[in-house]
Novice: 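Handing you a structure now.
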Amino acid sequence: PCVCYDTACSAALAACHAGLRALQLDECSVSLVAGVTLMLAPGTSVGFAVAGMTSARGRSHTFDERADGYARGEACGGIMLRHGDKELSMLGSAVRQDGRSASLTAPNGQVQQGLIVAALADAVSSADTLTLNEAHGTGTALGDPIEARSLVGAVLARRDAPLVVGGVKANIGHAEPAAGMTGLLKLVVGLLCGEAAPNAQLRALNPHVGRAVEGVAS
């Protein structure tokens, strides 16, 4: 199968999900998945700015109290999935529709939580086995707390150990359709190096995020 995906910010991860399923169903022996974003039309950036989606400071302040929108970024990345890779294996995957929400930048927390639970179930894994979570983390005052609460419900409330949470958008911006690929590649590099990259923009925790994780392992 050869398919082009356009599911906005989740496009690269939706393609990765399909690539994994193609392997599992023996439709192919190797899956190539890529995500690309190029900023070639200035009108797009102007439109997002007028809509109040992008940061006036020009940064994605993921989980920070300065969160005021995201910074656009360019990216081109890809991965190869194949059977028998013992060192780096994608154990499971899940895709969901966001459902009803207040706006494009206000995700549905219950659906987010269900997605995480479904991905863990598909991987035959549990919340207490996780060591690192790569967040969507756009750096919006509303979206980041919703994501934090989803993570609490699906993972943190079901475990005692701390969980490392990162967001690559704070380092390189939001690559939109390629955003999921940048986060996935960051995770792979972290696994190979045995280290988690710091959040470049985190100075003071967004108080709404702090309240969301208060009282649970963090």
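From a predicted model like this one, the values you see are computed outputs, not experimental measurements.
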Novice: Within the side chain of S60, is there an N or O that forms a donor-acceptor pair under 3.5 Å with the backbone of A71?
Specialist: yes
Novice: With a 4.5 Å cut-off on side-chain heavy atoms, are V124 and L91 touching?
Specialist: no
Novice: Without hydrogens or angle criteria, can the side chains of S150 and Q113 be said to hold a donor-acceptor pair below 3.5 Å?
Specialist: no
Novice: Looking at R149 and D144, is any side-chain nitrogen of the basic one under 4.0 Å from a carboxylate oxygen of the acidic one?
Specialist: no
Novice: Can you check whether N133 reaches V155 side chain to side chain, under 4.5 Å on heavy atoms?
Specialist: no
Novice: Is there a path of hydrophobic side-chain contacts, each under 4.5 Å between heavy atoms, that joins Y5 and V33?
Specialist: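 Hydrophobic grouping puts Y5 apart from V33.
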Novice: Can you give me the closest heavy-atom contact between C9 and A179, atom names plus distance?
Specialist: O-CB, 4.2 Å
Novice: Check the pair D64, R57 against salt bridge (charged side-chain N to carboxylate O under 4.0 Å, His left out), reporting the backbone distance first and the verdict last.
Specialist: CA-CA 13 Å; D64 191 271; R57 299 184 177 93; over 6 Å; no
Novice: Look at the side chain of S10 and the backbone N and O of A14, then say whether any donor-acceptor pair between them is shorter than 3.5 Å.
Specialist: no
Novice: Considering non-hydrogen atoms only, spot the tightest contact between L205 and V209 and give its length.
Specialist: CD1-CG1, 4.0 Å
Novice: Identify the heavy atoms of A22 and S31 that sit nearest to each other, and give their distance.
Specialist: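 For A22 versus S31, the nearest heavy atoms are CB-OG, 4.4 Å.
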Novice: Just by modelled atom types, is the G137 backbone N or O under 3.5 Å from a matching donor or acceptor in the E147 side chain?
Specialist: yes
Novice: Between R159 and A127 (side chain of the first, backbone of the second, donor and acceptor by atom type, cut-off under 3.5 Å), is there such a pair?
Specialist: yes
Novice: Can any side-chain N or O of D122 pair as donor or acceptor with the backbone N or O of S93 at less than 3.5 Å?
Specialist: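 Confirmed, D122 side chain pairs with S93 backbone.
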Novice: Start with the C-alpha gap between C16 and L81, add the side-chain angles, then the distance that decides, and say whether side chain to side chain contact (heavy atoms under 4.5 Å, CB included) holds.
Specialist: CA-CA 9 Å; C16 193; L81 304 175; 4.1 Å; yes
Novice: Determine whether a donor-acceptor pair (N or O, by modelled atom type, separation under 3.5 Å) exists between the side chain of N108 and the backbone of R100.
Specialist: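 Side chain of N108 to backbone of R100: a pair is present.
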Novice: Using every non-hydrogen atom in the two residues, find where A175 and T182 come nearest and quote the distance to one decimal.
Specialist: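 That closest heavy-atom pairing would be CB-CG2, 4.2 Å.
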Novice: Give the C-alpha distance, both sets of side-chain angles, the deciding distance and a yes or no for side chain to side chain contact (heavy atoms under 4.5 Å, CB included) between I79 and M181.
Specialist: CA-CA 8 Å; I79 61 169; M181 183 58 67; 3.8 Å; yes
Novice: What distance separates L185 CG from E134 CD, expressed to the nearest 0.5 Å?
Specialist: 10.5 Å
Novice: If you measure only the distance, is there a donor-acceptor pair under 3.5 Å linking the side chains of N199 and T62?
Specialist: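 Judged by distance alone, the side chains do not pair up.
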Novice: Just so I know, are the side chains of R21 and V95 near enough to count as touching, which here means a heavy-atom distance under 4.5 Å?
Specialist: no
Novice: Can you check whether L120 reaches L130 side chain to side chain, under 4.5 Å on heavy atoms?
Specialist: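 Contact flag for L120/L130 side chains = yes.
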Novice: Rounded to the nearest 0.5 Å, what's the gap from CD on Q201 to NE2 on H61? Could you check?
Specialist: 5.0 Å
Novice: Would you indicate whether the side-chain heavy atoms of V111 and Q97 approach each other to under 4.5 Å?
Specialist: no
Novice: Rounded to the nearest 0.5 Å, what separation is found between the CG atom of D68 and the OG1 atom of T140?
Specialist: 10.0 Å
Novice: Please check if atom CZ in R72 has more than 12 non-hydrogen atoms from other residues, nucleotides or ligands closer than 6.0 Å.
Specialist: yes
Novice: Looking only at heavy atoms, which two atoms of M39 and S45 are closest? And how far apart?
Specialist: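 Closest approach of M39 to S45: SD-OG, 4.5 Å.
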Novice: Does any N or O in the side chain of R158 come within less than 3.5 Å of the main-chain N or O of G153, such that one atom is a donor and the other an acceptor?
Specialist: yes
Novice: Which atom pairs, donor and acceptor, lie under 3.5 Å between side-chain atoms of residues 163-174 and protein residues at least two apart or in another chain?
Specialist:
from	atom 1	to	atom 2	distance (Å)
K169	NZ	H136	O	2.7
K169	NZ	H136	ND1	3.4
H174	ND1	E176	N	2.9

Novice: Given the rule that I, L, V, M, F, W and Y join up when any side-chain heavy atoms are under 4.5 Å apart, are L115 and M90 in one cluster?
Specialist: no
Novice: Could you report the tightest heavy-atom contact between E27 and P1, atom names first, then the distance?
Specialist: OE1-CG, 3.9 Å
Novice: Same cluster for L187 and L13 if Ile/Leu/Val/Met/Phe/Trp/Tyr side chains link at under 4.5 Å?
Specialist: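 L187 does not cluster with L13.
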Novice: Is a side-chain N or O of T37 found less than 3.5 angstrom from the main chain of A178, in a donor-acceptor match?
Specialist: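 Yes, T37 side chain to A178 backbone: donor-acceptor pair under 3.5 Å.
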Novice: Do side-chain atoms of R203 reach the backbone of A200 as a donor and acceptor pair under 3.5 angstrom?
Specialist: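 Looks like yes, one N/O pair under 3.5 Å.
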Novice: Looking at side-chain heavy atoms only, is the closest gap between L192 and V188 below 4.5 Å?
Specialist: yes
